[in-house]
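For reference, the structure discussed in these notes is given below.
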Amino acid sequence: MTLHLYDTLSGGKRLFEPLVPGHVTLYVCGPTVYNRIHIGNGRAAVVFDLLYRVLRARYASVTYARNFTDIDDKIMAAAAREGVAIDELTERYAQAYDEDVAALGTLPPDLKPRATGHLPEMIAMIERLVAKGHAYAAEGHVLFAVESDPAYGRLSKRSIEDMIAGARVEVAPYKRHPADFVLWKPSTPEQPGWDSPWGRGRPGWHIECSAMIDKLLGRVIDIHGGGRDLTFPHHENELAQSSCAHGGAELARFWLHNGMLTMAGEKMSKSLGNIVTVQELAARHDGEVLRYALLAAHYRSTLVWSEDLIEQARKSLLRFYQLLEAAGDPSADDVPVPESLQAALDDDLNTPEAFAVLHRLADELKQAHGDDARRRAGALRAGARLLGLLERPAATFLAEDDARRASASALAPDSIDTLVKEREAARKARDFARADAIREELFAGGIEVKDGVDGPSWSYR
RNA sequence: GGCUGGGUGGCAGAGUGGUCAUGCAGCGGACUGCAAAUCCGCCUACGCCGGUUCGAUUCCGACCCCAGCCUCCA
C-alpha cells in the first residue's frame with residue numbers, strides 16, 4: 001500500500017516517498033506564544049499529529065519539528081499589557097500550548113525550536129539573500145525583493161500583479177516593490193533587539209522558519225505543514241527566502257495545509273473574537289472526544305464547530321468503548337491495523353472514511369462472540385490507535401464519562417438509588433403509573449433506568 | 001475588486017460516470033407492563049441552467065451562493 005498526500009504547491013495528490021529512504025522530515029508551523037490557543041489552532045496540531053502517527057507507522061525514522069514563535073510584535077504588546085517580561089510570557093504560553101495539545105491526544109514533536117534561539121542563523125540567511133541580490137537594506141530594514149524571484153507566488157497561486165491589484169495595506173515608502181516583505185526591522189531601545197549588520201533590530205515573521213528548517217532538518221524537507229491561512233503570505237515568503245538562499249532548491253517536497261474551523265459560518269479567529277479555547281473545552285469535555293470531533297471532517301475541508309458535533313463524537317466513542325468492554329477490553333498489541341482503515345488514511349488522511357471503517361468494524365464486533373469478539377475488538381482498537389483514539393482502558397473512559405454526566409446531573413447518587421428502589425417496589429406491586437412517574441422524574445434529572453434480567457440498573461444519559 | 005477552494009439528505013460529513021458512504025437525529029416494526037439497549041426496515045441528497053454521454057451528483061461551460069487569502073491568524 002502506498003501513501004498519497006495532497007500537495008498545495010502542485011495542486012494535487014501525489015505519491016509520497018521520503019527524499020532519504022526510510023527517513024521523513026516534517027516541519028509544522030506552531031503557535032506565536034502570547035495567549036491560550038483556540039480549538040482551531042488545536043485542529044492543526046491534531047491533523048499533523050495524525051500525519052506524524054501515520055508516517056511513524058510506516059517509516060523507520062521520522063523527525064517532526066514544530067516551532068514556537070517567541071519574538072513578535074503581538075508578544076511585545078501582550079507583555080506590556082500584562083506587565084511581565086517577554087520571556088516570562090512566552091514561557092508561560094509555550095507551556096500552556098503543550099498542555100492544550102496534549103489534552104487533544106497529540107504526541108510531542110521530536111523538536112520544538114524557538115525563534116529566539118536561532119538569531120545567528122536568521123541573520124546569516126538574510127546576509128546570504130542580500131549577497132545574492134534577493135534582499136536589500138533600507139532605513140534600518142532589510143526587505144526581500146519579490147521581483148528577484150521569478151517563481152514568487154507559485155505556492156499561493158497568485159501573481160505579483162494580483163497582489164498589487166488587491167492590496168489593502170499602505171505601502172511603506174522604503175519598499176522597492178509593494179509586495180516586498182520584511183526580513184529584518186529596527187528596534188527602538190525599549191524594544192527587544194539583537195545586533196546585526198543592519199543595526200540593532202529583530203527578525204520579520206517568516207525568516208525564523210526558513211532558518212530553523214535549514215539548521216535542524218536540512219535544505220529540503222519532505223513535508224511542510226500548517227493552516228490554510230498560512231499559505232499566504234507566510235509560506236509563500238518562507239519558500240521564496242529558502243529557495244533563493246539555496247540556489248533555487250525547493251524548501252519542501254510536499255506542502256500540506258489544513259482547513260479552517262468555522263463558528264456560525266465564520267472562521268474562528270483571534271481577530272474576529274469568535275473563539276473557544278482548548279482549555280475551556282477540555283474542562284467540559286473529554287480530550288479524546290474533542291480529538292474525534294476535530295477529525296470528523298477531512299483535514300483539508302472547513303469544519304463547522306458546534307456543541308452538537310462534540311456530542312456526536314462523544315456518542316461514537318461511547319459506543320466503541322462499550323463494545324470494547326463487552327468484548328473483554330483486549331489490547332491492540334501485535335494486532336495489525338485493519339487494511340481498510342490503513343487504506344483510508346493512506347488516501348490523504350481520509351478520516352471520515354476511516355471513521356466509517358471503524359463503525360463497520362464495530363457493527364461486526366457487535367455480532368461476534370467469545371474469542372472472535374476479542375479478536376475483532378483488538379482489530380478495532382488497532383485501527384483506532386493509528387488515529388490516536390481508543391488508547392485508554394474502556395473502563396477508564398466509561399467511568400470518566402459517567403463522572404461528567406454525574407456532575408451535570410441535578411440528582412445525587414443516593415437519591416437516585418432511593419428512587420430506583422422505590423420504582424422497583426412499585427413495579428413489583430404492579431403500580432406501573434407510579435413506576436413510570438419515577439422513571440420520568442429520573443429521566444428529567446439525566447438518569448436512565450434500565451430493567452434487566454438481574455433487576456434494574458441506571459446510568460447517566 | 002483580485003486570487004484560491006467549495007456548494008451532497010433535518011444536521012455533520014465522505015465518495016462515485018450506471019448497486020451501500022458513515023454517524024447523529026427522526027419515523028415504523030420486533031422485543032419490553034412501559035421504557036432503555038439491541039435487532040429489522042424506512043425516509044428526504046447531490047446549488048441553478050445548458051452541454052458531452054446509452055446514462056451525470058460525478059466530466060465540460062455559464063450563472064448564483066458561500067468560505068479562505070489579499071493585514072496578525074492554524
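Letters A, B, ... mirror the listed sequences (proteins, then strands); counts begin at 1.
- Residue A:Leu323 contributes atom CG, which lies 12 Å from atom C1' of B:rA37 at whole-angstrom precision.
- Paired regions of RNA chain B, where each region holds three or more successive Watson-Crick or G-U pairs whose two hydrogen-bonding distances fall under 3.5 Å, are B:1-7 with B:64-70, B:10-12 with B:22-24, B:26-30 with B:38-42, B:49-51 with B:59-61.
- The side chain of A:Glu448 lies closest to B:rA36 when the candidates are B:rA35, B:rA74, B:rA36.
- When the options A:Leu216, A:Leu111, A:Asn67 are evaluated for a side chain to side chain contact (heavy atoms under 4.5 Å, CB included) with A:Tyr27, the one that passes is A:Asn67.
- OP1 or OP2 of B:rA14 has at least one side-chain nitrogen or oxygen of A:Ser301 nearer than 4.0 Å.
- Put simply, A:Lys366 has a side-chain N or O that comes within less than 4.0 Å of OP1 or OP2 on B:rC39.
- Within 6.0 Å of the CD atom in A:Glu339, the count of heavy atoms belonging to other residues, nucleotides or ligands does not exceed 12.
- Closest contact between the side chain of A:Pro233 and the listed nucleotides B:rA12, B:rC39, B:rC70 involves B:rC70.
- At a cut-off of 3.5 angstrom, counting only N and O atoms as typed in the model, there is no donor on one side facing an acceptor on the other between the side-chain of A:Arg43 and the base of B:rA74.
- Taking only side-chain atoms of A:Lys267, from C-beta outward, the nucleotide of B:rG33, B:rA74, B:rC70 with the closest atom is B:rA74.
- Mapping A:His38 and A:Leu309 onto RNA chain B by nearest heavy atom places A:Leu309 closer to the 5' end of the strand.
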Write out a two-atom table: protein N or O, nucleotide N or O from nucleotides 22-29 of chain B, distance below 3.5 Å.
{"from": "B:rG23", "atom 1": "O2'", "to": "A:Ser316", "atom 2": "OG", "distance (Å)": "3.4"}
{"from": "B:rG23", "atom 1": "N2", "to": "A:Gln312", "atom 2": "OE1", "distance (Å)": "2.9"}
{"from": "B:rG23", "atom 1": "N2", "to": "A:Gln312", "atom 2": "NE2", "distance (Å)": "3.0"}
{"from": "B:rG23", "atom 1": "N3", "to": "A:Gln312", "atom 2": "OE1", "distance (Å)": "3.4"}
{"from": "B:rA25", "atom 1": "OP1", "to": "A:Lys315", "atom 2": "NZ", "distance (Å)": "3.2"}

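- Position along RNA chain B of the nearest nucleotide to A:Ala296 versus A:Ala435 favours A:Ala296 as the more 5'-ward residue.
- Distances were taken from every side-chain heavy atom of A:Phe232 (C-beta onward) to each of B:rG33, B:rC70, B:rA14; the shortest belongs to B:rC70.
- Side chain of A:Asp451, nearest nucleotide from B:rA14, B:rA74, B:rG33: B:rG33.
- A:Arg66 and A:Pro113 make their closest contact through O-CD, 3.5 Å (heavy atoms, listed as atom of the first residue, atom of the second, distance).
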